[in-house]
Amino acid sequence: ETVSTVESAMLEEMLAAERLHRGETASASRDYQKARTKLENAISIVRETNGIGRAKVDSLIGLEHEFHGIAGGMFRIVDSLSRYGQMRQQKKALELSRSHNQIMSSLDLLRGQVLSRLSSLELSVREINLEKQREITRSIEGVKASLLLLAAAAIGITIMIWLMVERNVSRPIQRLMEEAKTIDTVELR
């Protein structure tokens, strides 16, 4: 979920920068800020994920800051484009338009690098989760074996108790009954 959130937030930032270039200043700025907040929240989730190496997270955060710096720079360039466009300085507007294209391709390149790093982080998290799952499965199997041994011990103890009761209670009662049969009841009366 975090990977797709980062990807969509970066695309939204790029689209906002592109829309700003086309003159949709107010809505583009608003959408850029929303995408920026969404991206920062997603990156903070990655930062708080346990088991990911600090170097990988720092590398991802560095790329994200570079992306933000370039995307924010896009807003400055578009502002300059609009000012120079109003002054009708075609040469300067053409230079700024080329800068815009370079920045957009740089943003796309950085987005690819961030997604590549996120994929590697995602694989690391999956490996950690698989290891934890294997550990949980081993623990469950150990508990099952312990419960089976406990049940077998309980059955064994129950059988031993039953045999002891049988030998110590039933047999003496049988002997008493046999002796009672040998006693003449007529003489007893």
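Note that the numbering runs from 1 along the sequence shown for the chain.
Residues satisfying the side-chain contact (heavy atoms from CB on, under 4.5 Å) test with Ile161, not counting sequence neighbours, are Ile157, Val165. Applying the side-chain contact (heavy atoms from CB on, under 4.5 Å) rule to Glu131 yields the partners Arg134, Arg138; only residues at least two apart in sequence or on another chain are considered.
The CD atom of Glu12 lies 11.0 Å from the OG1 atom of Thr37; values are rounded to the nearest 0.5 Å. Atoms NZ and CG, from Lys38 and Asn41 in turn, are 10.5 Å apart once rounded to the nearest 0.5 Å. From Ile128, atom CD1 reaches atom CG of Leu123 across 11.0 Å, with rounding to the nearest 0.5 Å.
No continuous path of ILVMFWY side-chain contacts below 4.5 Å connects Ile155 to Leu147, so the two sit in separate hydrophobic clusters.
Not a single donor-acceptor pair under 3.5 Å links the side chain of Ser116 to the backbone N or O of Gly112.
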